[in-house]
Amino acid sequence: MAALAPSKLAISPGVKLPASIPTSIPSISLRGFRSRRSFLGSTVRLPAISPIARITESRHPHISAAAASVADAKPTVLVAEKLGEAGLALLREFSNVDCSYNLSQEELCAKISLCDALIVRSGTKVTREVFEAARSRLKVVGRAGVGIDNVDLQAATEHGCLVVNAPTANTIAAAEHGIALLTSMARNVAQADASMKAGKWQRNKYVGVSLVGKTLAVMGFGKVGSEVARRAKGLGMHVVAHDPYAPADRARAIGVELVSFDEAISNSDFISLHMPLTPTTSKIFNDDTFGKMKKGVRIINVARGGVIDEDALVRALDNGTVAQAALDVFTKEPPAADSKLVQHPNVTVTPHLGASTMEAQEGVAIEIAEAVVGALKGELAATAVNAPMVPAEVLSELAPYVILAEKLGRLAVQLVAGGSGIKGVKVVYTSARDPDDLDTRILRAMVTKGIIEPISSVFVNLVNADYTAKQRGLRISEERIFHDGSAEIPLDSIQLHLSNVESKFASAISDSGDIRVEGRVKDGIPHLTLVGSFAVDVSLEGNLILCRQVDQPGMIGRVGNILSEQNVNISFMSVGRTAPKKQAIMAIGVDEEPEKETLKKIGDIPAIEEFVFLKL
Ligand SMILES: NC(=O)c1ccc[n+]([C@@H]2O[C@H](COP(=O)([O-])OP(=O)(O)OC[C@H]3O[C@@H](n4cnc5c(N)ncnc54)[C@H](O)[C@@H]3O)[C@@H](O)[C@H]2O)c1
Ligand SMILES: O=C(O)[C@H](O)COP(=O)(O)O
C-alpha cells in the first residue's frame, strides 16, 4: 500500500459526488441539528436522536440487523495487534473478543467474515481484499493510534465500513520519544551501548555534543511538535518552529518563534520532524533541502518515514552534511534488513516505538475501544475517519454549497506559505435570506474540513469540526452580507479570508492583506469566482493551475500546448484581468495532475510571473 496518507473523503450522501467517491457509508442523523430554525430555508425537521448520532437503518440493513443482534448475540471484535488491558476489558463487556496477533494476510482474510469489528495498530494492512473477504459483516475498523495509512479507506467506505481512530492518546508518548532520540543521539547512547556489549571500552570514540544553547527546529507545530518544543526549551535549547498553518498565538504562548522553511532548516543544529505525510510533505527532505542545511546538522524523525527521501539522507550522512540522524519511522516498515540507512553508523533507529509506552497504549486502547463499541451500537464517534459529513435530510438544496465550502477551504489552505502561521479565518456568506434561515453550521464545518484535512492527520466530521478547529487554534468567524436577490437561492457567494499569512501565490492576497478566495454555485456546480482581487470563473473540479501574467495574446495557447504535450486534459479555463494588457490571472482546471517537469515548463514561460498548482 502506498505510504502516502490516503485521500480523505467528504462523504455527503445525496450529493452528486465525483465517481471516485462512493456514498455507501450509512447516513447519520445528528442531535445537534435538531433545530427550531429551518436549515438554510430547508423545511426538514430532523428527529431527535440520542446518543450523538445513529446510523440510518434503511440505507444499511446489515447495520440495523447488527444493532438488533446486539440484544441476542454479542458482536465479535477481532483484535489483530496488542491492545492495552483496559481497552480489552471495555470490549469484553460488550462483545466477544478474539485476540489473534501476527496474522498473515490470508489468515486475516479467512477470519474476517466472522467479525463485526477489527482493531489494529500500524502493523496490519487492512486492504481491499480484507473488506471483500468480510462479506459485508465487518462494520467498523478501529485504528488504535493516529495514522490510518495502513487502512484502505476507499475500500472501507465502499463496503459501508466505518473507520475510527484514536488521535490524541499517544501524543505525549511520541513527543517523549522524540526527546529520547534527540538526547541519546547527541550522546551516542545506542552506539556506545552496542560497543560495550561487544566487549569494548571506547570513551574517546563516543564524545557527544551538548544541547544547551543549540537551536532546534521543530518542523510541524501540531500536537506532537508543540510538546517536543516545550520539552526542548526545558533542556535549554533555542527552539524555532516551521508550520505555515499553526496558530501564531500558540507558538507565542510556548515562546517559540515561527519561521519559514528555509530559515528553520538553514540555521538549526537539530531538526525534529512532526508534520504529517501529505502530497506536499512527501520527501520534503531531499538532496535540495539537505543542501540548504547547516553542515553537521542532526535530524530526528518520529513523524512518518515518507517525509524524508531516504536515499538522499544516506548521501547527506556520507558527505557530512548531516552528522547524525535518529529515526523511528521509515518509508517502508519494516525496512529491509540491509537498508543502508538503518545500518549507517551515524544513524540511531527504533522500530516505530513513538506510541509504545504502557501509558499511551492504555490510553489508546480505551479511546479505540470506546469508539468501536459506540460504532457497533450505531453511534458516531468524533474520531470517525470516513463518516458521512452531512446528513442526507439536510442536504437537499444545500448540496453544491457544501461542496463549495470544502473546496474553498482546500484551495485557500494550499495557497498558504511562509512561517507566520494562520491568525484567523473569516467566512463571508452573501445571501438574500433572512439570517434565521441561514444556519451555516454545516458550511462552517465543511470549510474547517477543507482547511484542516490537507495539512494534518486529523479527520474532520460534523461532530468534531468546531472542536477540532478550536483545538488547533483556528479561529473561524462568520459574516453575513445581505444580497438583494432571490431568497429562493440559499447563497449568492461564499468568501474565505485567511489572515496573517503569506501566500505561495501573491496575487491571492487581497487589498486588506488576507488570502481571499470566493466561490459561487452556477447551474448546481461550485465555481471559483475570485482570487485575491482578480475575478475568474472556473469550475471547482479536479485540479487547478493559477498563473499570473501580463495580459497578452497567445498565453492560453502556450500553456494549453505544454499541457497537451503531457496529455493533461483541460476542463476549464478563465482569465481575469485588471485591465487590457495589464496584470491577468489565468485559472486552468485540469483533470490530471501534471508532472513537475510540465509545471516547470509553464513557470518558465517568460510572461508568467507566478503560478501555483492546487489539488481540489
Ligand atoms: N512515531 C510514532 O509512533 C508517532 C506517534 C504519533 C504521531 N506520529 C506522527 O507524528 C506526526 C504529527 O502528529 P500530530 O498528532 O502532532 O499531528 P497534528 O496534525 O496535530 O500536527 C501536524 C502539524 O503539521 C503541520 N503541517 C502540515 N503540513 C506542513 C508542512 N508542509 N510544513 C510544516 N508543517 C506542516 C500542521 O499544520 C500541523 O500543525 C504525524 O505524522 C503522525 O502520524 C508518529
Ligand atoms: O500513527 C500513530 O498513531 C503512530 O505512528 C503509532 O503507531 P502504532 O500504533 O503502530 O505504534
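Model, not experiment: these values are computed from the prediction. Both counts, for ligands and for their atoms, begin at 1 and track the order of listing.
Under 4.0 Å from ligand 1, not a single heavy atom of Thr278 appears. Residue contacts with ligand 1, taken as heavy atom pairs separated by less than 4.0 Å, involve Pro244 solely via side-chain atoms from C-beta onward. With a 4.0 Å cut-off on non-hydrogen atoms, His352 touches ligand 1 through its side chain and not its backbone.
Taking every non-hydrogen atom of Phe221 and a distance limit under 4.0 Å, the qualifying atoms of ligand 1 come out as 39 (O).
With a 4.5 Å cut-off on side-chain heavy atoms, Glu367 and Pro167 count as touching. Between Phe221 and Val256, some side-chain heavy-atom pair lies under the 4.5 Å cut-off.
The option with the heavy atom closest to atom 24 (O) of ligand 1, from among Ser122, Pro276, Gly225, Gly305, is Pro276. Remark: among candidates Ile148, Val302, Leu277, the nearest residue to atom 8 (N) of ligand 1 is Val302, based on non-hydrogen atoms. Across Gln471, Arg121, His274, heavy-atom proximity to atom 12 (C) of ligand 1 is greatest for His274. Distances from atom 34 (N) of ligand 1 to the heavy atoms of Gly222, Pro279, Gly220 put Gly220 nearest. Closest heavy-atom approach to atom 5 (C) of ligand 1 within the set Ala246, Ala174, Gly145: this belongs to Ala174.
For a heavy-atom separation below 4.0 Å, the residues in contact with ligand 2 are Arg121, Ser122, Arg143, Ala144, Gly145, Val146, Gly147, Asn170, Arg304, His352, Ala355.
Comment: Arg143 does not engage Glu81 in a salt bridge, judged by the lack of any side-chain N to carboxylate O separation of less than 4.0 angstrom.
Among pairs with a residue in residues 456-476, those fulfilling salt bridge (charged side-chain N to carboxylate O under 4.0 Å, His left out) read Asp249-Arg475, Arg444-Asp466, at least two apart in sequence or across chains. Listed by first and then second residue, the side chain to side chain donor-acceptor pair (under 3.5 Å) pairs involving residues 265-277 are Asp269-Lys294, Ser272-His274 (not counting sequence neighbours).
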Verdict with reasoning, Asp152 to Lys125, per salt bridge (charged side-chain N to carboxylate O under 4.0 Å, His left out): CA-CA 8 Å; Asp152 186 334; Lys125 305 267 178 265; over 6 Å; no
Between His177 and Thr350, does the side chain to side chain donor-acceptor pair (under 3.5 Å) criterion hold? Intermediate values first, please. CA-CA 10 Å; His177 197 59; Thr350 51; 3.0 Å; yes
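Side chain of Glu107 to backbone of Ser104: a donor-acceptor contact under 3.5 angstrom is found.
Considering only non-hydrogen protein atoms, atom 25 (C) of ligand 1 sits nearest to Asp243 OD2, 3.0 Å. Here the protein heavy atom with the shortest distance to atom 10 (O) of ligand 1 is Ala303 CA, 3.6 Å.
For Arg304, the closest heavy-atom approach to ligand 1 falls below 4.0 Å.
Scanning for salt bridge (charged side-chain N to carboxylate O under 4.0 Å, His left out) contacts around Lys332 gives an empty result, with sequence neighbours left out.
Residues Phe505 and Phe613 keep their aromatic ring centres 6.0 Å or farther apart.
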